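Heads up: the structure comes next, in C-alpha cells.
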There are 2 protein chains.
Amino acid sequence: MAQTPPPTIADVARRAGVSKGLVSFALNDRPGVAPDTRRRILEAASDLGWTPNLRARSLSTGRSFACGLVVGRSTDVIAADPFFHSLIAGLEDVFATSGQVLVLAVATPGRQEAATYRSLAGDRRVDGVVLTDLRAGDERIALVQGLGLAAVTLGRPDVDSPFSSVSVDDGAGIRRAVEHLARLGHRRIAHVAGPSTMLHGQRRSDAFSSSAAEAGLEPIVVATDFSAAEGAEATRRLLAAEDRPTAIVYSNDHMAVAGLGVAQRLGLRVPDDLSITGFDDTDLGRHLHPALTSVATDARAWGRAAAQALLDTLSGAPESHIHLAEPTLVVRESTGPAPDHPRG
Amino acid sequence: MAQTPPPTIADVARRAGVSKGLVSFALNDRPGVAPDTRRRILEAASDLGWTPNLRARSLSTGRSFACGLVVGRSTDVIAADPFFHSLIAGLEDVFATSGQVLVLAVATPGRQEAATYRSLAGDRRVDGVVLTDLRAGDERIALVQGLGLAAVTLGRPDVDSPFSSVSVDDGAGIRRAVEHLARLGHRRIAHVAGPSTMLHGQRRSDAFSSSAAEAGLEPIVVATDFSAAEGAEATRRLLAAEDRPTAIVYSNDHMAVAGLGVAQRLGLRVPDDLSITGFDDTDLGRHLHPALTSVATDARAWGRAAAQALLDTLSGAPESHIHLAEPTLVVRESTGPAPDHPRG
DNA sequence: GCCGCCGACTAAACCGCTTTAGGTTTGAAC
DNA sequence: GTTCAAACCTAAAGCGGTTTAGTCGGCGGC
C-alpha cells in the first residue's frame, strides 16, 4: 500500500516529450505554446492525473491562495452570533469555487487580535483578510495595510482605508422597524443598541435616533456589548422605569430573545403590553412564542460579495465600494398595536 | 515605502559567517552545532528579525502546518449549533500556540463533502482533519485514510478506524436529565432525538431509552435532524397525543427552545404542565423564561483535546482514545415536579 | 542567398528552506 | 607520529513549481 508520490510537472514533461517550462506555460494558459503541443501536454497531465502542488506554487509565486478571517477575542461574540456562520458560508461559496481556502483564526487569551494578524501575515499564511465588526477609528486598517495584506471591509470604515468595502444599509433595517412600530401607534420606543465603538452598532443606533425623531418621538437608547446578558440587563432597566417603553428595538436577535425572557418574567405580555423587534432574523426567532419580528439581512450574500471583492483586489482590480440590497423587516408575532391605542 | 524583502536564512548565514545548512540546523535545535556558533546564529537571526518562510518550509518538509475542519453540507447545521463555535475556539487555543492554523471548509452546494476532503488533501492544504458529527458507518474514515491525511475523531466511530479519538460521554448527560425528571415524579418522559444516523444522536437516544427503562418508564422517542424546525414539529406531535408526556428531553438546546415555543403556544405552562431539558447549555438558554435546564458539555475543552491529539498524531504518537469529564446537568427553571405529583 | 525576426521551445536560475554527502579539524588512542 | 573517530561545518542537491535568458528553425524581404 505504498503511496506512489503524486506526479509532478517533470513527469508530465517527460510524457509529453517537452521541457518543464513549457508544461508550466501550457498549464497556465499562457501564449507561446503551439496549439498541438498544448493539447499534448494537457493530455499528458490528465493521463497522469497531475494536480498542481500548491506548496511549490506558493513558494514561487509568493501567493498563499488562502484568505483569513480573524474573530475577535471574545469567543462569545462568535458563539452568540449566527450572523458569522452565514457570513462564513457565503465566503466559502466563493472561495471554494476559486481554489482559495478560508483560514479561520480566533484571537485567544494568549494571542490577542493584533498578534493574530501579525502572525498570519508574518507566516505568509494568507493573501488577504476579511475585516468584520469595524470599530470606530479601527486600528486594524492601518495594521493590515502595514503588514502588506490585502483586505476587504464589511461596511465602510470611518478612517482612511485603501481597501474595498461591501456594505449593507443596516440603518435602513432599523428605520423600517421604527416605522413599523410607529405605525402601530407606539410613542415610547426604546433601542437596545450594540456598543458605540462598533460602527454597525453606532450606525443602527443613529438610524434609530433619527427615525424616531422623524416620527416625532424621543429616542431612548441603551448601549450594550451585543451579548444576551447585557441585552437582558438593559431590558430590565428599561422596563423598571416609571414611564416604560411600549416597544423595544433590539440591535440583534440574541438580545431580543433575552429581552423577551425578561419581559415575560415581569409578567408582561408580548406583544400586548410590549412589542419587540430583533435584528438578523435568526432561525430560532421564528420558533419562539411569540415568533420574533426581525430585520433580515442576507449575511450569506454579504459573505459572497466580500469574498469576491477580495479576490478582485488580489487580481489587481481597483478599490471598489459595493452596497448590497437593503435589509427587510420580517413581521411576526412579537409586534402589535400599542397598548391603549387599538389599531385603527 | 518599498517593502524590503524579509531576511532569509542566507542573510542570517552571511551575517553569522556560516553556511545556510548550519543555520537551518541551529534554528531547528538540532545537534551538531557548537554551542558558541549556535548562539551566534540565533543572535544574527534575531538581529535581522528573521522569521521562517512557511511556504519554503512547507515545500521542503512536505507539511502544511495547518489542520482542517470540514463542516457538513447544511450551513444551518453550523449556524444553528453554538457547539461549533466553542469547539473551534478550543481547537484554536491549541493550534494558535503551536504554529498551526485552522482551515475551515464548508461543503457548499457546488462542492459536496467528499469533494471537499479530496480537494483539501489534493492541494496538500492540511496535514490533518478533525472529524465531527460522526455518522453510522461513516465513510469519511476510509476516505480520509485513503487520502493519506491524519485525523482525529470526536467520539469513537462504529467502523474500524486508525485514528485517535476524543470522546465525551454525552449519554451520561442524558441519563442525568432523565434521572432528574424521574426524581421529580415524571412518569411519561419523551425524548426529541437527533438523527439516528448520527452517532451522538443515536448515543443520546440509547442512553435515554436505557435510563428510562431503568426508571421503569416507557421510552418515547421522536427522531429529528437536530433543527429547530423539526424540534418544533416533534413537540407538536408529542403534545397532541392523547396521553401526552409531562417532560421532554431534547437532544440540543435549539430544539428545546423551539419546543418551549410550541408548548407555550398551546397554552401549557413550563414547568408546571411540562418540564423541558436541553443539551449544550447554550448561553441563550439561561436568559429564556423559564430559564432552560440543560446538559452542559465543555465543548471548548473538547476542541482543545482534539487539537492536541491531532498534533500528537502528526508528530508520530501512537493512536490514543481519550475520554473527557462527564457532562453535568445544569438545573434551572424549565424543569419542575410532575403535574399532580407535588414534590415530596 | 543572406539577414533578421518571430514563434516555439529548452535550459537553467530561482523561490527559501531542509537534508544528505563530504570535508576539515581536533584530540584521544596506540 | 600516525590513525581514527567524533565533532563541526560546507557545498550542493533536492522539494515542485515559475520565469528568464537564450537556442533553434523557418520564413519573408531585399
Side-chain angles (χ1 to χ4, degrees), chain A residues 3-42 44-45 48-66 99 121-125 127 148 315, chain B residues 3-42 44-45 48-66 99 121-125 127 148 315:
Chain A
Q3 307 245 6
T4 66
T8 73
I9 51 168
D11 299 321
V12 176
R14 203 170 309 120
R15 177 174 248 256
V18 296
S19 70
K20 272 172 54 180
L22 200 61
V23 171
S24 175
F25 279 131
L27 292 170
N28 290 309
D29 289 325
R30 308 233 307 224
V33 184
D36 194 54
T37 314
R38 183 186 300 271
R39 202 190 35 68
R40 227 174 55 241
I41 293 177
L42 295 181
L48 292 174
W50 177 86
T51 132
N53 180 320
L54 230 54
R55 292 171 184 158
R57 209 205 280 261
S58 264
L59 180 57
S60 54
T61 60
R63 291 194 44 184
S64 302
F65 306 100
D123 289 348
R124 291 101 180 161
R125 289 281 198 177
D127 299 320
S315 53
Chain B
Q3 306 247 6
T4 64
T8 73
I9 51 168
D11 299 321
V12 175
R14 202 170 312 118
R15 176 176 250 256
V18 296
S19 70
K20 275 172 50 182
L22 199 62
V23 171
S24 175
F25 280 131
L27 292 170
N28 290 309
D29 288 327
R30 309 235 307 225
V33 184
D36 195 54
T37 314
R38 182 185 302 271
R39 201 188 38 68
R40 227 172 57 241
I41 294 177
L42 295 181
L48 292 173
W50 177 86
T51 131
N53 180 319
L54 230 52
R55 293 172 184 156
R57 208 205 280 260
S58 265
L59 180 57
S60 54
T61 60
R63 292 193 42 184
S64 303
F65 306 100
D123 289 348
R124 290 106 181 153
R125 290 281 200 177
D127 299 321
S315 53

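The structure displayed is predicted, hence computed values, not measured ones. Lettering follows sequence order; numbering is per chain, from 1.
Relative to the side chain of B:Ser19, the nucleotides D:dT10, D:dG16, C:dC17 differ in distance, and D:dT10 lies closest. Ranking D:dC8, D:dT18, D:dG14 by closeness to the B:Ser60 side chain, first place goes to D:dG14. Picking from D:dC8, D:dG17, C:dC9 the nucleotide with the shortest atom distance to the side chain of A:Ile9 gives D:dG17. The side chain of B:Phe25 lies closest to C:dT20, out of C:dC17, C:dT20, C:dT10. Side chain of B:Trp50, nearest nucleotide from C:dT10, C:dC17, D:dG16: C:dC17. Side-chain proximity of B:Asn53 to C:dC17, D:dG17, D:dC8: nearest is C:dC17.
Scanning both residues, A:Val12 and A:Ile41, for their nearest heavy atoms gives CG1-O, 3.9 Å. Heavy atoms only, all atoms of each residue included: A:Arg124 and B:Pro6 are closest at NH2-CG, 2.6 Å. Across all their heavy atoms, B:Asp127 and A:Arg55 have their closest contact at OD1-NH2, 3.9 Å.
Among the atoms of the strands shown, only primed sugar atoms or phosphate atoms (P, OP1, OP2) are found under 4.0 Å from some heavy atom of B:Thr37. Nucleic acid contact class of A:Val23 (heavy atoms, under 4.0 Å, all strands): none. Counting any heavy atom pair closer than 4.0 Å across all strands shown, A:Arg30 reaches sugar-phosphate atoms only and no base atom. Contacts of A:Ser24 with the nucleic acid, taken as non-hydrogen atoms under 4.0 Å apart, include base atoms.
In terms of phosphate contacts, B:Arg57 brings a side-chain nitrogen or oxygen within less than 4.0 Å of OP1 or OP2 of C:dT18.
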> Does the pair B:Asp11 and B:Arg15 meet the rule for a side-chain contact (heavy atoms from CB on, under 4.5 Å), with working shown?
Replying inline: CA-CA 6 Å; B:Asp11 299 321; B:Arg15 176 176 250 256; over 6 Å; no
>> The test is side-chain contact (heavy atoms from CB on, under 4.5 Å); show your working for B:Trp50 and B:Leu27 and say whether it passes.
In response: CA-CA 11 Å; B:Trp50 177 86; B:Leu27 292 170; 3.5 Å; yes
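Place B:Leu22 and B:Leu59 on DNA chain C by their nearest nucleotides, and B:Leu59 ends up nearer the 5' end. For the pair A:Gly21 and B:Arg38, nearest-nucleotide mapping onto DNA chain D gives the more 5' position to B:Arg38.
Here the C1' atom of nucleotide C:dC17 and the CG atom of A:Asp123 are 14 Å apart, to the nearest Å. For B:Phe65 and C:dG16, the CZ to C1' distance is 13 Å, given to the nearest whole Å. We find that CG of B:Leu54 is positioned 11 Å from C1' of C:dG16, with the value rounded to whole Å. Rounded to whole angstrom, the span from the CZ atom of B:Arg14 across to the P atom of C:dC17 amounts to 12 Å.
A donor-acceptor contact under 3.5 Å links the side chain of A:Lys20 to the base of D:dG17.
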